[in-house]
> 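Could you have a look at this structure, given as structure tokens, before my questions?
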Amino acid sequence: MSFKAIIFDYNGVLVDDLKFHEEAYWRAGKHMGIPLTRETVRKYLSYSPEQKRKPLYGDISDETWEEISRLRAGFYFELAQ
């Protein structure tokens, strides 16, 4: 069998996964004890990860940011399943 095409979906082209990203950022903050509303996550969701770091989580250390990023990715993939 040979492939004639490969379809790659990126951020809502074929599958709307924004709700998973939003939930994952919110859960990561909650898990780390950072008060964060879903409305705030929604407001900054389209920003790059570095641009949304401070508005979502405040002044946090690089180590805390790495932990949040790890948690967020885990929550995202759990939700996407």
> For Phe77, what residues pass the ring pair (Phe, Tyr, Trp, His ring centres under 6.0 Å) criterion, not counting sequence neighbours?
none

> With rounding to the nearest 0.5 Å, note down the distance linking OG1 in Thr37 to CH2 in Trp26.
10.5 Å

> By side chain to side chain donor-acceptor pair (under 3.5 Å), which residues pair with Glu39, not counting sequence neighbours?
none

> Under the criterion side chain to side chain contact (heavy atoms under 4.5 Å, CB included), I'd like the reasoning laid out for Leu79 against Asp17: C-alpha separation, chi angles, the key distance, then a yes or no.
CA-CA 9 Å; Leu79 291 161; Asp17 65 344; over 6 Å; no

> How many angstroms lie between atom OG of Ser46 and atom NZ of Lys52, to the nearest 0.5 angstrom?
7.0 Å

> When you measure from the side chain of Lys30 to the backbone of Leu36, do you find a donor-acceptor pair of N or O atoms at a distance under 3.5 Å?
no

> In the structure I gave you, are the side-chain heavy atoms of Tyr57 and Met32 within less than 4.5 Å of one another anywhere?
no

> Name all residues meeting the side chain to side chain donor-acceptor pair (under 3.5 Å) criterion together with Glu23; count only those two or more places apart in sequence or in a different chain, and write none if there are none.
Arg27, Arg38

> With Lys54, which residues qualify under side chain to side chain donor-acceptor pair (under 3.5 Å), at least two apart?
Asp59

> Return the minimal non-hydrogen interatomic distance between Ala24 and Tyr76, and the atom names on each side.
CB-N, 3.6 Å

> Can you check whether Ile60's main-chain N or O pairs, donor with acceptor, with Arg53's side chain at less than 3.5 Å?
yes

> Who pairs with Ser69 by side chain to side chain donor-acceptor pair (under 3.5 Å), at least two apart in sequence or on another chain?
none

> Taking it one step at a time, do Glu22 and Lys19 satisfy salt bridge (Lys or Arg N to Asp or Glu O under 4.0 Å)?
CA-CA 5 Å; Glu22 181 181 318; Lys19 62 185 173 208; over 6 Å; no

> To the nearest 0.5 Å, what is the distance between CD1 (Ile68) and CG (Leu56)?
9.0 Å

> Name all pairs fulfilling the ring pair (Phe, Tyr, Trp, His ring centres under 6.0 Å) condition that reach into residues 31-53, sequence neighbours left out, sorted by first residue then second.
Tyr44-Tyr47

> Distance check, rounded to the nearest 0.5 Å: Glu78 atom CD versus Leu71 atom CG?
11.0 Å

